[in-house]
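Let me begin by presenting the structure, written as structure tokens, before commenting on it.
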Amino acid sequence: MNSEKAIVMSGIRPTGYLHLGNYFGAMRNYVKLQESYTCYFMVADLHALTTHPDTKELKENVHRVIAENIACGIDPEKAALYCQSHIRETSELYLYLNMLAYLGELEKTTTFKDKARLQPDNINAGLLTYPVLQAADIILHRATWVPVGKDQEQHLEMSRNFVKRFNHRYGEIFPEPMAYNFGEDLVKVPSLDGTGKMSKSENQLATLYLADSDELIRKKVMKAKTDAGPAAPDTPKPDYIENIFQLMRLVSNPEAIRFFEEAYQQCTIRYGDLKKQLAEDMVTFISPIREKAENIRNDKKYLDEVMSMGAEKARKSAVATMELVREAMGLVYSK
Ligand code: TRP
């Protein structure tokens with residue numbers, strides 16, 4: 001891959017279905033990044049083992065995430081789209097970094113405390129060192145930019161600390177990875193029940209998944225919370241109504257939005273019609289992505305090709321980094 005370009009790295013765990021929030025918050029921006037950066041996009045199957053030790057559905061989930069990424073516009077020829085466990089060098093670097101990570105800081109990590117609370121019977125060491133593995137993913141490619149949401153900022157800060165310690169002790173090998181900020185391109189995708197954002201695990205009926213059938217999309221949108229409508233002109237919109245308009249701005253055409261905005265201002269709006277419009281526009285938006293992902297998912301040969309092509313690109317960068325790492329750490333005894 002072109003070494004002149006800055007390096008971008010990100011990962012997604014294969015533990016849930018991609019939803020509209022992932023699309024507008026991440027995927028859509030990754031598609032832009034792949035044009036101007038050297039991008040490594042990874043399916044974090046090893047991280048999934050920290051919370052999902054049962055691997056019965058792992059293969060299917062990994063395939064689905066890869067297929068959905070491609071359906072959203074990730075081009076496996078441009079970016080390296082790969083599976084974490086295919087790169088054994090990650091595990092080696094993770095081991096070395098574990099010696100630079102302190103129990104105190106790992107125990108203080110917010111995600112660790114949250115997950116420990118959720119699975120008190122399985123507080124395994126992998127859960128504790130989750131941020132160390134994530135740091136290994138990133139610095140294995142000597143990446144500088146990591147496009148992730150707010151919930152990952154602490155992990156990135158920890159990655160920078162591990163890098164500083166490594167560089168200080170063994171020599172300047174790694175750049176400090178930073179969060180890639182999309183600024184204005186980072187749109188919020190509100191959930192359909194008027195509370196918060198669409199998310200992987202909370203209220204499934206309020207989240208639109210890229211795999212939802214047309215019928216399910218319609219059903220979910222029609223269930224969105226509304227009320228009797230504004231009683232006087234120029235009433236400010238309650239949050240749950242503003243959310244419906246916000247969703248329309250993502251997928252509907254400007255005329256439709258203008259029509260309903262005016263109807264709202266004039267108190268003639270019919271929320272049933274508003275939701276019908278949104279439902280149809282959502283179906284038009286989501287169904288081609290769903291169908292494309294389904295086709296890819298059923299093409300096992302293509303999936304294998306994509307994963308081996310991605311692994312090859314990722315391994316090339318990993319092998320080069322690990323040679324520098326072993327040398328810097330004094331683990332090369334033959335010369
Ligand atoms: N921890 C990330 C998440 O839960 C997934 C992830 C794994 C990741 N490795 C990564 C993200 C490397 C960015 C870079 O979303």
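Whatever order the structure lists them in is the order used to number ligands and atoms, beginning at 1.
K5 forms no cation-pi arrangement with Y37, by the criterion of a distance under 6.0 Å to the ring centre and an angle within 45° of the ring axis.
Between Q152 and ligand 1, at least one N/O pair is under 3.5 Å apart. Checked by distance only, ligand 1 and S10 stay at 3.5 Å or farther apart across all their nitrogen or oxygen atoms. Any N or O atom pair closer than 3.5 Å counts here, and Q84 shares no such pair with ligand 1.
Taking every heavy atom of V148 and a limit of under 4.0 angstrom, the matching atoms of ligand 1 come to 11 (C), 13 (C). Interface of V146 with ligand 1, defined as ligand atoms under 4.0 Å from a residue heavy atom, comprises 13 (C), 14 (C). Residue-ligand proximity, R13 to ligand 1, at heavy-atom distances under 4.0 Å covers atoms 4 (O). Taking a cut-off of under 4.0 Å to the non-hydrogen atoms of H47, the atoms of ligand 1 that pass are 7 (C), 9 (N). Interface of M9 with ligand 1, defined as ligand atoms under 4.0 Å from a residue heavy atom, comprises 12 (C), 14 (C).
Look at K237 and E261 and you find a salt bridge, because one of the NZ, NE, NH1 or NH2 atoms lies within 4.0 Å of a carboxylate O, short of that distance. Between E242 and K225 there is no salt bridge, since no side-chain nitrogen of the basic residue lies less than 4.0 Å from a carboxylate oxygen of the acidic one.
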Mind running ring-ring contact (aromatic ring centres under 6.0 Å, His included) on F285 and F24 for me, showing each step along the way? CA-CA 12 Å; F285 183 82; F24 287 104; 5.5 Å; yes

Applying side-chain contact (heavy atoms from CB on, under 4.5 Å), run through N124 and L128 and close with a yes or a no. CA-CA 7 Å; N124 59 80; L128 183 70; over 6 Å; no

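For the 3.5 Å distance criterion, the side chains of T15 and H52 fail to qualify, holding no donor opposite an acceptor.
Ring geometry, F182 versus Y30: the interplanar angle falls from 30° to 60°, so the pair is classed tilted.
Counting only distance, with no hydrogens or angles, the side chain of K275 and the backbone of M222 share a donor-acceptor pair below 3.5 Å.
Nearest protein heavy-atom neighbour of atom 10 (C) of ligand 1: Q134 CG, 3.5 Å. What sits closest to atom 1 (N) of ligand 1 on the protein, heavy atoms only, is Y130 OH, 2.8 Å. Looking from atom 9 (N) of ligand 1 to the surrounding protein, the closest heavy atom is D137 OD2, 2.7 Å. Atom 5 (C) of ligand 1 has its closest protein heavy atom at G11 O, 3.5 Å.
Contact annotation: for M42 versus ligand 1, heavy atoms closer than 4.0 Å belong to the side chain alone. With a heavy-atom cut-off of 4.0 Å, I138 touches ligand 1 through its side chain alone.
By the criterion of side-chain heavy atoms lying less than 4.5 angstrom apart, applied directly or through intervening Ile, Leu, Val, Met, Phe, Trp or Tyr residues, L100 is grouped together with L331 in one hydrophobic cluster.
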